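Notes follow once the structure below has been shown.
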Amino acid sequence: MSYTIKDFQAQFPDDAACLAYIFAQRHPEGIICPKCQRRDAFRPVTGRRAYACNCGHQISPTAGTIFHKSPTSLKSWFFAMFLMSTGKNGVSAKEIERHVGVTYKCAWRMAHQIRQLMQQDGN
């Protein structure tokens with residue numbers, strides 16, 4: 001069974017779903033707040049790529065990733081990764097530009113960052 005574009009759109013309908021996925025991947029067993037020591041008290045912050053504890057402490061799941069400080073939407077990043085991982089012959093920055101709807105400069109940067117992540121160790 002293959003992962004289709006329809007499956008992708010159902011799994012990642014918006015940036016909030018993408019951020020929740022990143023949070024779940026980075027903290028699979030949950031997270032303990034370093035400030036109040038409560039477990040799993042983090043909720044998404046509206047309008048930001050962050051989660052906040054009930055005590056007010058905030059964390060950013062995108063910190064230290066290719067998404068950190070990028071003004072491009074997470075859904076666009078995820079779609080570019082989907083294109084690059086499903087393409088048989090590779091995907092050019094120009095193709096990402098057309099499919100994702102970003103500038104060539106942004107598409108080139110995204111493709112470059114994703115290719116670096118996809119490289120095998122030692123290459």
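Fair warning: this is a prediction, and the values are worked out from it, not measured in the lab. When reading the values below, keep in mind they use all heavy atoms of this one structure, side chains included, and skip hydrogens, waters and symmetry mates.
Closest non-hydrogen pair, T62 versus I22, comes out as CG2-CD1, 4.2 Å. Across G30 and D40, no two heavy atoms sit closer than the pair CA-OD1, 3.2 Å. Closest non-hydrogen pair, E95 versus G90, comes out as OE1-O, 4.5 Å. The minimum heavy-atom distance linking A50 with P61 is given by the pair CA-CD, 4.2 Å. When all heavy atoms of A107 and A93 are compared, the pair lying nearest together is CB-O, 3.3 Å. Nearest heavy atom pair, residue M110 against residue W77, reads CE-CA, 3.5 Å.
Side-chain heavy atoms closer than 4.5 Å link hydrophobic residues (I, L, V, M, F, W, Y) into clusters, and following such links, possibly through other members, connects I66 to M84. The hydrophobic clustering, which links ILVMFWY residues whose side-chain heavy atoms are closer than 4.5 Å, places V45 and F42 apart. Transitive grouping of hydrophobic side chains (ILVMFWY, heavy atoms separated by less than 4.5 Å) keeps F79 and W108 in distinct clusters. Y104 and V102 fall into different hydrophobic clusters, where Ile, Leu, Val, Met, Phe, Trp and Tyr are joined by side-chain heavy atoms under 4.5 Å apart, directly or via other members.
In this structure, CD1 on I59 lies 15.0 Å from CZ on R49, to the nearest 0.5 angstrom. Atom CZ of F67 sits about 10.0 Å away from atom CG of L19, to the nearest 0.5 Å. The CD1 atom of I96 lies 12.5 Å from the CZ atom of R109; values are rounded to the nearest 0.5 Å. Note: S60 OG to R26 CZ = 8.0 Å, rounded to the nearest 0.5 Å. C55 contributes atom SG, which lies 8.0 Å from atom CZ of R38 (distance to the nearest 0.5 angstrom).
Not less than 6.0 angstrom separates the ring centroid of F78 from the ring centroid of F82.
Taking 4.5 Å as the limit, every side-chain heavy atom of K75 sits out of range of all side-chain heavy atoms of D14. Here the side chains of V100 and L83 are in contact, with some heavy-atom distance below 4.5 Å. Side-chain contact between Q113 and S70: absent, with no pair of heavy atoms (C-beta onward) separated by less than 4.5 Å. Side-chain contact between D7 and Q11 is absent, with no heavy-atom pair separated by less than 4.5 Å. Residues H57 and P34 form a side-chain contact, since some pair of their non-hydrogen atoms from C-beta on lies under 4.5 Å apart.
Atom CD of Q116 has more than 12 heavy atoms from other residues, nucleotides or ligands within 6.0 Å. In this structure, F8 places its CZ atom where more than 12 heavy-atom neighbours from other residues, nucleotides or ligands lie under 6.0 Å away.
With sequence neighbours excluded, the residues satisfying side-chain hydrogen bond (donor to acceptor under 3.5 Å, both in side chains) with R48 are Q58.
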How far apart are the C-alpha atoms of F23 and I31, what are their side-chain angles, what is the distance that settles it, and do they pass the side chain to side chain contact (heavy atoms under 4.5 Å, CB included) test? CA-CA 10 Å; F23 184 80; I31 186 168; 3.9 Å; yes
